[in-house]
2 protein chains.
Amino acid sequence: MTSFPERHHMDGNAPSPDHPHVVILGGGFGGLAVARGLADTHARITLVDRRNHHLFQPLLYQVATAGLSAPSIAAPLRQILRRQSNITVLMDEALDVDLAQRQVRLAGGWLGYDALVVATGATHAYFGHDEWERYAPGLKTLDDAFTIRRRVLLAFERAEREDDPARRQAWLNFVVVGGGATGVELAGTLAEIARHTLPREFRRADPRQANVLLVEAGPRLLPAFAPELSDKARRQLEKLGVEVRLGTAVTAIDAHGVMLGDAPHPAHTVLWAAGVAASPLGRSLGAPVDRAGRVLVEPDLSLPGHPDVFVIGDLASIAQVDGRPVPGVAPAAKQMGRYVADVLKARWRGNAGIRPFRYRDDGSLATIGRMAAVAQFGRLKLSGLLAWWVWLMAHIAFLIGFRNRLVVMLDWAWSYWTYQRHARIVTGTDETGEADATLPREG
Amino acid sequence: MTSFPERHHMDGNAPSPDHPHVVILGGGFGGLAVARGLADTHARITLVDRRNHHLFQPLLYQVATAGLSAPSIAAPLRQILRRQSNITVLMDEALDVDLAQRQVRLAGGWLGYDALVVATGATHAYFGHDEWERYAPGLKTLDDAFTIRRRVLLAFERAEREDDPARRQAWLNFVVVGGGATGVELAGTLAEIARHTLPREFRRADPRQANVLLVEAGPRLLPAFAPELSDKARRQLEKLGVEVRLGTAVTAIDAHGVMLGDAPHPAHTVLWAAGVAASPLGRSLGAPVDRAGRVLVEPDLSLPGHPDVFVIGDLASIAQVDGRPVPGVAPAAKQMGRYVADVLKARWRGNAGIRPFRYRDDGSLATIGRMAAVAQFGRLKLSGLLAWWVWLMAHIAFLIGFRNRLVVMLDWAWSYWTYQRHARIVTGTDETGEADATLPREG
């Protein structure tokens, strides 16, 4: 690894104490909030992301279920930040941090910093069963979404070609593991596709025979919500045609299906929405981490012993005033990012005594399907159609970029009236050997 | 390979002389036209395609250059044909045809037919230099378009990270090989992206330093058009910033660039728009083929000696009345498809003497870039802004599905006013080892 002098990244400017260099790792909600919060400062900022785009992750399940096209929920980081002249965007991967030398090791070289913000988020985790990933893809990136879309669409194609009733049903059986927001959204949408979008298009297999099974090991769905909303979510899902099984652990997953405790359940399409682990960069910082690998940060979100290094978003572990952890959601990441920008600006003004980070809970929303959702704002709890409208408006409002909002609204209106899903294209190939070109005949 | 009785594909119906089974291989413009032409007949139809979608290929270059998202130009075949109850769609790959037994061998098994229409089109060809494909991807499928989009976007990212001026320039050098419609469209759009879309977003590399070189071995661009329009196209391209080199053969391509005759031209991004070869299924039919592998068909588009087998679209070689070949364009494929449907219907009515296929030239259009195009309708020749408007209206009119038209219009209007291109996302990985996750440092 060659040395990669910092000044080469910075428009040729030499490092200067008048222009502290802030390095932000990760262009998600947290990293972008830091960048924007430092827009009108004398700081020089380098934002590093291994992808070229910011992803509106709350709508990723809609790409996975063919309702939205990828560019509707992803915008190039350069484009988002192009008017902010104190920022350089680098598409690169952060490998680890040399805290003593204040340098980040990127795949492309070294990058020095005066202040560092680590916001590299989380990925899905299989609780020690990494071999399940092959059979049960998770949903964190656009490529994950394409994999899920490909498998779901190909499952119906395979069912259409299968003569044997039991084998055909295995292609029509879908299992979603995990009853959090992503699992609920995926299961509800799959049921809608099978019941409303596809039936008229197949001649031999009947998509209405599809079984969508949502498995949750805990006692209720959506544990972040009030228990009565968990119950409402379950009933709304069942009305859409989803089979919900609570208190049930998945003990094995392979190409043929899942084991629910000791009972085999045949299914060729299994989706993973159960476990989340923090980015491995967290552990490399040398500070204590929690069980999911999140860094236990100070009240000002800095790394213990390193006041110039901050950890925010899904990678940070910090408690709220009431002792509950700050949830790993987009609004929390944004609030942390804005807070860190404020801390840095206060320090540069010579004011070191800024008050600790406080999470403000703006409420929670989860969509379940067509006109079905749950919402919770403090004591106010909504479900059904009203919650669905709130969800719709909130997600359109938060989408980045006017054009995206317009296109997403158009796509949703079109899907709503026609029951169609416009992104139903199979592209690419799959590590299991499934390709768009050839569907190998089984065994 | 197990036997795969035909009746299993056909809603459980047994074969019946009252319901001739028409098998169509390929869901492009030609295959779809046959299917639609037989909509209200007693025929049972099976349409086989290895992809699940019909692709509006004339706009594929816009997906490759991040102007349109893939679902805007691709619609599921099942969805297009869902109201036509005499059609079964199979996602499968045709491997060869047993003409004696009247059966098609699919990857998934055998499929019998009473009449067969082979419409599997063409792919790009490297004139015996298949090793070039790795360095110079062609453009025929959505996956090809994603590969080109990824390489073009990553080239600018690499330039931004490169310190050495010569090496940076190699990342900013783009070569398009082939001066037909696709090459002209790709080169013009690349120049527009470099000059108008990206400049404000990079801090170290200057996208305006990009060099887009269009290389054509023949004496003029767009050989299907009148010579004066070829000349106008060249001047319009040069105005957009493209360097056009005519009468120049590419003699080698590798990771470092191309050889133009004996002169090396460094470039990390090379796109192939030069050669087309017919689908290999053509040669497997045993009939004479031309140099590009197209089947020399009878005047009624049937295979010599096999009146129940038809070959249409880019896979067919047939002369017009004036001796010139019918061009490999979408309107020709559509006309052939409608013609074959008419032949079959006439035969079923007992009328065998239908007149030979006649190609009707509705004119040619090629777009060059922003407000620049050429058009030719018989003796009427247009170029510049007027031709561009005709191109725009024609392509929106021919796009399949109301929703797609609306979204494409919206995307184009947005791009036009903002100079932005909304699909600038890098996803997937590349066979050369380039990934969205990590850009390995060179050398």
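Chain A is the first sequence line, chain B the second, and so forth, proteins listed ahead of strands; every chain is numbered from 1.
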Check: If you count heavy-atom pairs under 4.5 Å with chain B, which of A:Gln84, A:Arg83, A:Arg82 comes out on top?
Finding: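 Winner by heavy-atom pair count: A:Arg82.
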Item checked: Step-by-step side chain to side chain contact (heavy atoms under 4.5 Å, CB included) determination, A:Thr197 to B:Gln79 -> CA-CA 9 Å; A:Thr197 305; B:Gln79 187 186 323; over 6 Å; no
For [X] versus [Y], what's the shortest heavy-atom pair and its separation?
{"X": "A:Thr88", "Y": "B:Arg203", "answer": "OG1-CG, 3.7 Å"}
{"X": "A:Val426", "Y": "B:His53", "answer": "O-CE1, 3.3 Å"}
{"X": "B:Asn52", "Y": "A:Leu153", "answer": "ND2-CD1, 4.2 Å"}

Notebook entry, point to check: Can you name the side chain to side chain donor-acceptor pair (under 3.5 Å) partners of A:Glu201, sequence neighbours left out?
Noted result: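 Applying side chain to side chain donor-acceptor pair (under 3.5 Å) to A:Glu201 gives A:Arg424.
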Item checked: Value rounded to 0.5 Å, distance of CE in B:Met91 from CD in A:Glu160 ->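 Atom-to-atom, B:Met91:CE and A:Glu160:CD are 12.5 Å apart.
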